Trainee: 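Quick one: the structure is below, and I'll ask about it shortly.
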Amino acid sequence: MAQFSFAFPKPGTKKLLVGATLGAALAIPALLAGLLVFLVPMVNKPLLDAFIREKLGHVPATWVGTQWVYAAALFLAGIAMFTFAAITGGIFSWYERRVAARIQSRIGPNRVGVAGFLQWIADAVKLLFKEDLVPGEADAMLFRAAPYFVVAGMTLVLVALPAGQAIVVADLDVGIFYILAVTSFIVVGILLSGWSSNSKWSLFGAIRATAQVVSYEVPAGLAILVPVLMAGTLSTQGLIRAQGGWPWEWFFFRNPAAAVAFFILFISQLAEGNRTPFDLAEAESELVAGYFSEYSGFRFALYFLVEWANLWIIGAVATTLFLGGWQIPGVSAQTWASVRGAGSFPAFGWWALQFVSLGIFAVKTLFLVNVVIWIRWTLPRIRIDQMMNLCWKYLVPAGFAAMLFTLVWQMVATWAPIVEKITALVVFAATVWVTWRFLQQTRKNVSLIAHERVDLSNW
Amino acid sequence: MSITTSQYVGNVRDTVKSFWHGMSVTLSQVLRRPITIQYPDRLEIPVQDVLPPRYRGFLEVDTDICTGCQACERACPISCIQIEVEKDPANPKQRVVTQFDIDEAKCMFCGLCVEPCPTGSIQHTREFEATQRSVRNLVFRWADPIKPFPVYKVVKGAPYIPRAPLGSRVKDLLAQRSWDAVGTSYLPPEPLKPPPPPPVKPPPAAKPAAPAAAKPAAAPAPAPAPAVQPDEPKP
Amino acid sequence: MRTPKKLLAWTVGSAAVIGVVGILSARLSPAMAAGGARPLAGPFTIADAIFWGVAALTVGGAAAVALSRNIVYSALGLLAALLGVAGLYVFLSADFVAVAQVMIYIGGVLILVLFAIMLTNRIGEVNISNASMGWASGGLLSAVMLALVLVVAFEVPWNVRPSGGNPTTAPIGHALLQQWLLPFELASLILLCTLIGAIIIARKEIRAE
């Protein structure tokens, strides 16, 4: 019997291919992080004014070009956020397929580039070259327009979604409310695509998707109210500033009801993003592909871009609200201010800290993304009546209970802050214990089959 | 439709429990090795070695131990085996096999020919890769009409019959042909030199030969007819 | 046959509305400048361009709602109009109201309207919009309304505040839960009654035996 090779990449892979893949794997996240860290914080009135005053030599208040500088900064930030969404969406498509394959004892795409990393580029190029079909009986204008509503809904969310201490395009005072609101554009796009396709599958998919999203907005809103009550603000950055870097300073641990609300929000977001087990709108066995059955080529790609970019949004919103966002352990607001320095432009250390905060935010978000993918390949699709039952009979009452408990809890926490601190430590310890028990259970499951052990080879 | 409080709480508990176990099971799958075999180009061992030992691939004939009994030919339900046995012109006591063709394109890999073989000469191997541009190149010829092989005589009391390693002969055969070789224009090989004596014999057997000739016509090609005729009077 | 007429109706209607608004605002702009507001005064900025875009979106959307023969296109026009209004709220520095507009009217009302359209029969041929347009009466009504709106806009002594990104969420919250708590709770009570009433009307009579 030949020798098994555990080498990665496989010996014999072309050096050029290895180089290209590793280059892409390092360059793409670096490029994205650079885009976010260096472009997005610039969308900031004091910084731009300082730029105009010191680099261009004009008085910002009276100069004619000021508005054009503002517009250019906004435009660049928009490009940066959209590029970020598109590329993360693409990479998630590859990653989800790999994880799905592992869960099903398969290997998954591993031919385009080392470990198949460049697969998403190949898929995107293939889709771009396909014919952009419009069914003969379809309402051509709405059919063409519908994907843009969906993409607009996804992109507008990114405006208020933070990714670091200063990495947010607009720190809106109504941030989280805005995120909830603009998500409805996705629903409009879904409804229009379903209706304009003039196909019964599409229409049924659209109606299911809409019923689902509209229903689950209620528990999602109730769950979002819990951290909003604890922070006293709707701003996404304000919500994160109200938390701390250490786990026991996160909202998730500070209040038992917040832990419940986290799960309510997470389930509702799965349903709003049409992710399994709530993917009734695109149930392959019943509705071909649901509301985008009739689409092909570029417009089809847009739907999938939104689906996978939504993964990031799901993770980022939950991280922002409950898991401490970008807060670095041990770095307080004073530290941020002192690192920034008194100059009109931030000092070098501030930019470095921005990278760290982005990294922390990304790690938490990617963990949740992994959980979403993991759930998708664990749970089967539920029936529509089960879905509605879950929403109205379980999540909505639990959401109300969590909200009312939080109201009482906030009064207790103001009266005796020590209660909150002790609870946070206890809940944190309980979470660690539950995680430990879960890993033990998993290890037991691996060893349940004879001669099986943890083995991450065979890529 | 209405449920009691204990049922309600029980539903929540069941959900959490099944979620816990389900997630754990799928996570344990992530940590295991995928069983996928990346055929054909990323194999750690040849794919033939991965197949089970009783896999029914191409038939292989070990011509060294073939007794020329034609049991396999009779057993074949779709007549994809064609065997000709003649007397060696040089040594009349020795019978030789001049033709032993197996049409692997036609074979349905049922294994019925393997069972009656007295010496185990014909066997299924684990070989299955023989893509050919011309389907006729899938006729495996185990006997050379120019250099026919003598039939094997079983030695009485021999402890075992020595057989070539299973699969080695098929591998040799496959190695000889390229996938885009030009196919032959006829199926069975025409004997280079038709045996001179038989043509004298047919006239008496002309009557039974005519209906008999119709039977081989159903076989792959009309060419066997002259070769069959000498055998007809024998029984 | 019908398309030219429809196009004509759209063109004339939009042109008339935009023309009247343009002329009146041009004539009244000195008055506005005197009153402290400053549209059309000073250089034309990007913000002005966006404002006119948003205003055109609102008016165009409203025209589409009224004039479109396809009910789904009407709903889409409603989307544009509501979105435009949300944009106008943003220009008024009313961020919470703007987002609430998007949330309630686009995320709720419009979706329900679309949903209702799609659940009705014969969705394949939705030509059931209002086709009769009383030009004379409609024009008269529009003129009167326009005059009324303009008079209100320019004659009422508005409490003008400098524009700025002052957050409005907290003041609204305090106003609703301190100063106007009773009306707020009464309004929610009325909504609750409406909800319960709708359920009672809509549900099947199961006790009737």
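This one's a predicted model, so the numbers in the text were calculated from it and none came from an experiment. Just the heavy atoms: all of them, side chains too, but no hydrogens, waters or symmetry mates, feed the values below. Convention: sequence-line order gives letters A, B, ...; per-chain numbering from 1.
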Trainee: Which residue out of A:Tyr178, A:Tyr70, A:Phe177 racks up the most heavy-atom pairs below 4.5 Å with chain C?
Mentor: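 That would be A:Phe177.
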
Trainee: With a 4.5 angstrom heavy-atom cut-off, could you sort out which part of A:Phe149 is near chain C: side chain, backbone, both or neither?
Mentor: side chain

Trainee: Do A:Gln212 side-chain atoms and A:Phe278 backbone N/O form a donor-acceptor pair below 3.5 Å?
Mentor: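 Such a contact is found between A:Gln212 side chain and A:Phe278 backbone.
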
Trainee: Does any backbone or side-chain atom of A:Leu180 lie under 4.5 Å from a heavy atom of chain C? Answer side chain, backbone, both or neither.
Mentor: both

Trainee: For chain C, find which of A:Asp173, A:Thr210, A:Val213 contributes the most heavy-atom pairs closer than 4.5 angstrom.
Mentor: A:Asp173

Trainee: Taking side chain as C-beta onward, heavy atoms only, is C:Phe96 less than 4.5 Å from A:Leu234?
Mentor: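 SC-SC contact between C:Phe96 and A:Leu234 confirmed.
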
Trainee: Look at the side chain of A:Ser197 and the backbone N and O of A:Ser199, then say whether any donor-acceptor pair between them is shorter than 3.5 Å.
Mentor: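 Not at all, since once roles are kept as given, no pair shorter than 3.5 Å links the two residues.
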
Trainee: More than 12 non-hydrogen atoms from neighbouring residues, nucleotides or ligands closer than 6.0 Å to OH on A:Tyr303, yes or no?
Mentor: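 Atom OH in A:Tyr303 is packed in, count exceeds 12.
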
Trainee: Output the option from C:Leu83, C:Ile104, C:Ile111 having the highest count of non-hydrogen pairs under 4.5 Å with chain A.
Mentor: C:Ile111

Trainee: Please test A:Val150 against A:Ser193 for side-chain contact (heavy atoms from CB on, under 4.5 Å), starting from the C-alpha separation and ending with a verdict.
Mentor: CA-CA 9 Å; A:Val150 178; A:Ser193 65; 5.9 Å; no

Trainee: Please classify the contact between A:Ala211 and chain C as side chain, backbone, both or neither, with a heavy-atom cut-off of under 4.5 Å.
Mentor: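 Both parts, backbone and side chain.
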
Trainee: Pick from C:Ala100, C:Gly108, C:Ala98, C:Ala75: which one has the most heavy-atom pairs with chain A under 4.5 Å?
Mentor: C:Ala100

Trainee: For the residue pair A:Leu395 and A:Ser268, what are the closest heavy atoms and their distance?
Mentor: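 Closest approach of A:Leu395 to A:Ser268, heavy atoms only: CD1-OG, 4.2 Å.
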
Trainee: With a 4.5 angstrom heavy-atom cut-off, could you sort out which part of A:Val187 is near chain C: side chain, backbone, both or neither?
Mentor: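 Contact with chain C involves both backbone and side-chain atoms of A:Val187.
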
Trainee: Could you walk me through whether A:Gln410 and A:Met230 satisfy the side-chain contact (heavy atoms from CB on, under 4.5 Å) test, starting with their C-alpha distance in whole Å, then the side-chain angles of each, then the deciding distance to 0.1 Å, before giving a yes or no?
Mentor: CA-CA 7 Å; A:Gln410 282 308 104; A:Met230 292 171 79; 3.5 Å; yes

Trainee: Tell me, side chain or backbone of C:Leu110 under 4.5 Å from chain A's heavy atoms, or both, or neither?
Mentor: side chain

Trainee: Is A:Phe185 in contact with chain C via its backbone, its side chain, both, or neither, using a 4.5 Å heavy-atom distance?
Mentor: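 Contact with chain C: side chain only.
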
